[in-house]
Each structure stands twice: as C-alpha cells, then as structure tokens.
Amino acid sequence: MLIFLSGLFFILPLIVKEFWVHILSEILIHALFALSFNLIFGYMGQLSFGHAAYYGIGAYTTGLLMVKADLPLLYCLPISMLTAGIFALVLGFFCVKLRGIYFAILTMAFGQLVYYIIFQSYSFTGGDNGLQGINPPEMLKNIYNYYYFTLIVFIVASFLLYKIGESPFGYTLRAIRDNAERTEFLGINVKRYMHINFVIAAMFAGLAGALWGPFSRSVSPDLCNWQHSGIPVFMSVLGGPFNFFGPLAGSIIYTLLMAIVTGYTEYWPLISGTIIITVVLLLPDGFFGLFSKIKRFIISV
Amino acid sequence: MNFTFILSQFLSGLTYGIMLFLVAAGLSLIFGVMNILNFAHATFWLIGAYFCYSFWSYLNQSLSIALWLSIPLAAIAMAIIGAFIEIVLIRRIYKRELYEQLLITYSLTLILGDLIKIFWGVTDKLIERPEIIRKPIFILGAPFDSYFIFVYLVGFLVAVGLWWFLRFTRYGHIIKAAVYSREMVSALGIPIPKIYTFVFALGIFIAGLAGAVQAPIGSVTLGMDIAIIIQAFCVVVIGGFGSLIGTFVGALIIGEIYSFAILFWPGGAMVLIFVITAAVLIVRPWGLFGSPTRM
Amino acid sequence: MEKKILTIKNLRKSFGTYQVLTDVNYELPDGMIAAIIGPNGAGKSTLFNLITGYHHLDKGTVLFNDIDITNWKRHKIAHIGISRAFQVSNIYPRLSTYENVRQAVLAQQKKTLNIFTSASKLAKIETEELLELTGLIENKGIIAGVLSQGDKKKLELALALAGKPRLLLLDEPTAGMSAEETFETMELVKRLNKNVGVTILFTEHDISVIFGYAMRLSVLYQGKIIADGLPEEVRKNEDVQKCYLGEEI
C-alpha cells in the first residue's frame, strides 16, 4: 500500500499538467502539517487549536534565514524544526497542565499570541505584509524539482512519524488518550509525556512550514492564526484520526477539493464547511473509518 | 496627559467593553448551560448587524424611527434563526466530543460567512444615523459619541435582564437547574431539548441585538466576526465560563486594557490581551468568577 | 520487631463537609496477606486512593518501608513498588488484552520513552508470562473492552502485577468471578505472596475469600478502624458483630 502510494506520488508529475504539480506539493506540505498535528490529536487525544503557530514559526525561520542571511535551504530546515521545538518547549509546558477544552483554548490563545507578535514586529518580519522574495536554491527553482525535494522530505518525515507512533512512546500516547489515570498508576508521568509529544509534533509542523516558504515564495502572519490551525484538524477528521494515513488522505481530499472548487466558485468556505459538518455527523472515523466499514462489509458478504 | 484625555480613553474602553459584553453574554450563556462553545457566535452577531441594516434601509423610506425599530427586529430575526439552527444542527451534537462540537460550530462560521456574502454582497453597509445621535455630547469636557448612551443602556438592560431572569423567574431557575443536572430536570418532566433550544435562541437573540446595536457605529463589513470572536473567547475565559458577572467584568477589563494599551504600545494591545488570557488559563482556568467544579 | 511495609498515622480525609476517614492508624508487616473489610461507604476505596496518591489527604502520614510517601505524585508511588488493582476495572478498553499488559510491562521497564523501536518487538516474554499467570493467554488478542467482567478483573490484576510491586493493593479482586475463577485468582495471589514475597492488602465482600486467605483482618467502619487482628479473633469481636448486624459474618 505504502509502496503503491509512493510510486504514485513519484509518477504523477510526469503525467499531469504543471498546475497539478503545484497542488501535489501543497498536498504533501499540508499532509505533513496534519500528520504532525495528529500526534497530539489522534494518538494522544487532545485538541490543539494553535498548531499553526509552529508551522508559522518554521515558515518564518526559514524565510528570514534565507532572505536575510542567505542560508541554504538544507540548513534552514533543521533550524526551523529546532526553533519550532523551542517555542513548543516553553509554551507546551503551560499547555500540558490543562486538558480538554481548556487545553484547546490555551493552545489557541498561544497561537494568536504568536500571530500578533509576528504581526507586530514589522521591522523584523515585515508585519502583515509578510516576507516576500523567499527564493528556493537554484537547483530547486523549477517546480518539478521542488516537488520531488518536498516528496523526499515528506517520505522521510512521515516514516519517522510512523516509527514514533509504533514505538513504546507512541503506545504510551495511546494509553494516555484512552485512560490517562491508569497510565499514571503504571508509573508514567503523563504531563511529561504530553510535553515531549507536543514538542515533537511542533517540530514536524515547523518542518512543514519551512517547506512552504520557498514553495510559495512568501510567508505571512496568517500562517499562524486560528483559522489556519483549523486546517490540520479538518484534514485529520476528514481522513480519519485513528489511522496513521488518515491525515494524508484528509490532505489529499481537502487540498484537491479546494483546488477544484475555487476554480468554479468563490464560496469555498460554504462548501468546505458543509463537508466538514457532514463528515463529523456521519463519518466519525473519517474516510478511513468508512473504508474499514466497507472492507468488513465485503468480507462478511 | 490631562484628565479629559484620560476620561476620554476610559469612556472609550468602557464602550468597547460593553460592546464585548453584549457579544460574549450569549456565548457565555450557551456554554454555561449547554456546554457547547459556539465558534459561530460572532458570525450570528454580524448577521444581526446586517439584518439591522436591511430592516433600516427598508423602513427608512417611510419611518423616522427606522433605526430604533430595526434593532429589535433584527434581534428577533436572529432568535428565530438561532432556534432553527439549534433544532436542525446543534441538537445533534449535545453528546458529542469536544472536537466535534468545535469543528461543527467552526464550520457554521464558514457557512454563515459565505451566506452573508451571498445575501448582502461584499460592499460595506452604512447606516445613516438619525439627527438625534449625529453630534457628540460632552462629558466633563471629553467628547463622547451620543449614540453610545444608547449602547450603555442596552448593555445595562441586557445585563440586568439576564440576571433578573436567571435569579427570579421560574424558567430561569429551571435553566440553572439544568446546568447542574440534566437528568434531574428531565426526570421532573421538563424536556431538556426545549430548554436548550430556548437558551440557544436567547443567546443568539442577544448576539443579534448586539450586532444590531453595533451596526450604526462605523460600517458593517465582512470579516468583523472573525476579528471579534477570539476577543469574545478571551472575555469568557477571563470572566469565567457560564458566569454572567464574569462576562461583564471580563469584558470591561479587556475593553479598558485595549483602550489604554493602544496609547503606549499600539500594536501590542492584542498581544497583551492574549498574554493575560493565557495567564488566566494557566493560573486559574475557571476564570475570575467561574467555579472549579465545572472543570 | 517485624518490618512494616506500610504505616499509616492519623489519616484524615474529607470530601467537602463529609468526613470519610477519621484518624486512621494502621500498620502492615512485610510479607503478609491482610484484608480490610467494612460495610459499603466505610472508606475502604478512599483509603486505597490515599495510599496510591489518587487523592490528597487532609492530615496524617503514609510511610512505605519507612519512606514518607504522603501526597507523593501517583506515578512516583507506582515506581517505588506500590501497585493497585481497581474495583471497577480501569483498563484500556480500545487496546487488545496483550497490548494492555505490554503497556504496563513497558512502563515498568522504563522503556516508554523509546521512540525508535517498534513496540511489537519488545517485552514479548514478560507480557506472555503475565498473561499465562493470570489466565488470560487465550484472550490475548481480544479487545479489552469486550472481555467478560471476570476477565477484566484478571486483566486488572495483570496490569497491577506488571509493576513488580512490593505491596499490592487489591480492591475486590474476585468481584464478578465464578467460584473457579475466584479460587484460581486467590491461589495466584497466595503464590505471589509465598514465592515472591509480595505483601498483599485487599478488600473483599466474599467471606470465604477473607477467611480463606487473610492472615490479618481489619475492620473499617464509618471512617475508623474498629478492629484489627487475626481473622478468627476479629470474627468474635462484639463491636464488629454489632456493626454488621443484619449482615452475615
């Protein structure tokens, strides 16, 4: 299944028009964003409504380093991850003291905080004009090359995320999700694990953001706001939060739909909102949940 | 930095605070009773403003009191819409997980936002004020938009009205009881869904009223809801979910902070507000006037 | 003077205005199987909760092997060797029985910060051993949420045992079990005590279990310990008979 998918992603750009290669890159970057979010959501059971802050921090770190310090992209990526991680280390310390709706609101408040700080630092970050002129290195200026670069980074990153999910740490996250109390009684400091997970998730979100800057040639504070934080939530729920590939499926569906629909109408919010409501009401486990149901039905028949 | 200036800022903050209170009151009520955080609350508020504009532009041909009629009309229209949405959609998410409720109310924001675009278009809507409120009045030397007197009046009425309703009327008592125990109230033969529909409609009524009151101030434009919903959340967090006093005090605090912070650090006002919101969540998550048991 | 594994002094706990435990003093010698009984509401579960850090106590001290563990955090208490099986099964309903036990084993082995190895490759032997021990080996693949009541209790025990405890607190370990399962479980408990030296403190409502296995019996009534000693003596105690008036003893 994995091999088929990777193969597909490698071959597609050769078949489709250039416009779709842009879309494919977007799908991958968004998918990485959503996969990182799902560490907190699907695996650990908490809703972070401020995850875009770390995406934005990654994007700005790379943007600033490339524009102001002329640092090669390859160095910017890990530095962006680190920066995002450091912010998550500080902010996450406070967030993990809370659960449920309070956790969600605090993450959102911190997200807005980051948004406004970036917005304010006009001289440093360009404020609401954003940062322009983030050019990828010569070799990657071609959209096809940048796509394959993104694909490779994506495959490595998602492989790492998968390994983390299947490790004892990953299972401990599930344990915390399903019965945090019991997990404490097994001797696990739940807050500490939540904090660590928060940082890891933020680092990968920062990576996704870092890939975005050179892709769209600019970054803006909007990458950090709460509406953008909603995107990975949509994607994870759409695809199915309890399957590793759920967020990827969600990204494919959402990004593709958005690309197609915005070609015909400006009312994408109306349509996406309706889709989300439908999915949440009817498909609690997203599309992957639907697949399993169909699979089981076919097997039983 | 003279007295008049400070007073001016203070009044400005007070006004902003009262406006925030009006937006947040319904939000707090709905969360307090139904445990649902209505992301779309400010969008309802905005629709109330648009409705006010529509009623006003229709009535203004013939009636001089068009504006004063449009405001309550808009609020009533919103109450009807609120009841409708509650029955059709909100009912299905009473027992759902937090993320499902948040996603659904957030999606509602998206849908309603586009519906506004469809029905009212993208241009700004301007309401011409009646003569009586066109000139500023002066309070101790500080110029003050005379319309704001009306705003204060509405804010006061809503605050007192809600308080009185919850404290002294039978239905208010039922609602308070439903907060503590849904089971008991249904066991007593009072249908919970009816109560929830009423509460939601009431919350949206207040939001619509607030929006209508807001409409003559500046203009009515798209995106006002996005700007204000987060601030409304901050109000409810700081004041305490489900607490009427908390919402009032929280709104005033944010209003004043915003008004004075702008003087020293124009861009940083929002940053300051979020720092305070975060601090409250960390140190006292149930807010100034909320109760820990609701955690 | 035998070594005391658990010493409780002047324990007091209230919930609001309701005083659940009043000046409880208790000493448990190392290596014993002891039982605490009492009518419902007497405070047994609360006592366990306080020992394991589930609640904070109002007043008093809890010593474990002479270390003051009063108001320690739960995970720290689990680490120094106190394990607990809950009255209402507190398991992971969405994981399989195998994964449930493996999680507990990995936690005990302190391998849970490992993000590099696949969990399915670790702790196989220890997990299988525990499953055998508690009679769950046949059900290891089943999702824990659908196990029978008795099996859930066995899983409870397995989770508690995975922690390699020195002191094991069992809250109604045989509730919901058939006579055969009860026998198996209590024999297991007895073997653990005899061969491994685990001290057992349990509560029960099943009289035959109490008198069949407890070496020492204490009675908790309305938040106070009213009797403490050998089971046979306690049985004859007048106060105990009075408080159980209407209930068989």
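Letters go in sequence order (proteins before strands), and every chain restarts at 1.
- In terms of heavy-atom pairs under 4.5 Å with chain A, the best-connected choice from B:Gln101, B:Glu97, B:Arg92, B:Lys117 is B:Lys117.
- If you tally non-hydrogen atom pairs under 4.5 Å between each of B:Leu37, B:Ile118, B:Leu108, B:Leu115 and chain A, the highest count goes to B:Ile118.
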In sequence, state the C-alpha distance, the side-chain angles, and the governing distance for B:Leu103 and A:Val279, and then conclude on side-chain contact (heavy atoms from CB on, under 4.5 Å). CA-CA 10 Å; B:Leu103 276 182; A:Val279 169; over 6 Å; no
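- The parts of B:Val275 that come within reach of chain A are both its backbone and its side chain, each placing non-hydrogen atoms under 4.5 angstrom from that chain.
- Within the 4.5 angstrom heavy-atom criterion, only side-chain atoms of A:Phe110, from C-beta onward, approach chain B.
- The distance from the CG atom of A:Asn225 to the CD1 atom of B:Ile226 is 9.0 Å, given to the nearest 0.5 Å.
- At a 4.5 Å heavy-atom cutoff, the contact between A:Phe41 and chain B is made by side-chain atoms alone.
- Atom CG of B:Leu102 sits about 8.0 Å away from atom CD1 of A:Ile105, to the nearest 0.5 Å.
- Pairing each heavy atom of A:Gly273 with each of B:Ser107, the nearest pair is O-CB, 3.4 Å.
- Atom CD1 of B:Ile245 has 12 or fewer neighbouring heavy atoms from other residues, nucleotides or ligands inside a 6.0 Å radius.
- Atom CZ of B:Phe233 sits in a crowded spot, with more than 12 heavy atoms from other residues, nucleotides or ligands closer than 6.0 Å.
- Within 6.0 Å of atom NZ in A:Lys68, more than 12 heavy atoms from other residues, nucleotides or ligands are found, so the atom counts as buried in its surroundings.
- With rounding to the nearest 0.5 Å, the separation of CG in B:Asp114 from OG1 in A:Thr274 is 9.0 Å.
- Other residues, nucleotides and ligands contribute more than 12 heavy atoms inside 6.0 Å of the CZ atom of B:Arg91.
- You'll find the ring centres of A:Phe49 and B:Phe39 inside the 6.0 Å limit.
- Interface remark: A:Val114 contributes no atoms to any contact with chain B (heavy atom separation under 4.5 Å).
- Residue contact with chain A, scored on non-hydrogen atoms closer than 4.5 Å, involves the side chain of B:Val237 exclusively.
- Contacts between B:Leu89 and chain A at a heavy-atom distance below 4.5 Å involve the side chain alone, from C-beta outward.
- No side-chain heavy atom of A:Val233 sits under 4.5 Å from any side-chain heavy atom of B:Tyr106.
- At a 4.5 Å heavy-atom cutoff, the contact between A:Leu281 and chain B is made by backbone and side-chain atoms alike.
- Listed here is the closest heavy atom pair of B:Leu110 and A:Pro269: CB-O, 3.5 Å.
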List the steps and the verdict of side-chain contact (heavy atoms from CB on, under 4.5 Å) for B:Ile230 and A:Met108. CA-CA 9 Å; B:Ile230 300 291; A:Met108 180 161 55; 3.8 Å; yes
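- Note that CG of B:Leu281 and CZ of A:Phe103 are 12.0 Å apart. Values are rounded to the nearest 0.5 Å.
- In this structure, the separation between CD1 on B:Ile229 and CH2 on A:Trp226 is 7.0 Å, given to the nearest 0.5 Å.
- For the atom pair OG1 of B:Thr105 and CD1 of A:Ile277, the computed distance is 9.0 Å after rounding to the nearest 0.5 Å.
- For the ring pair (Phe, Tyr, Trp, His ring centres under 6.0 Å) criterion with B:Phe274, the lone passing option out of A:Tyr116, A:Tyr115, A:Phe119 is A:Tyr116.
- The environment of B:Tyr94 atom OH is dense: over 12 non-hydrogen atoms of other residues, nucleotides or ligands sit within 6.0 angstrom.
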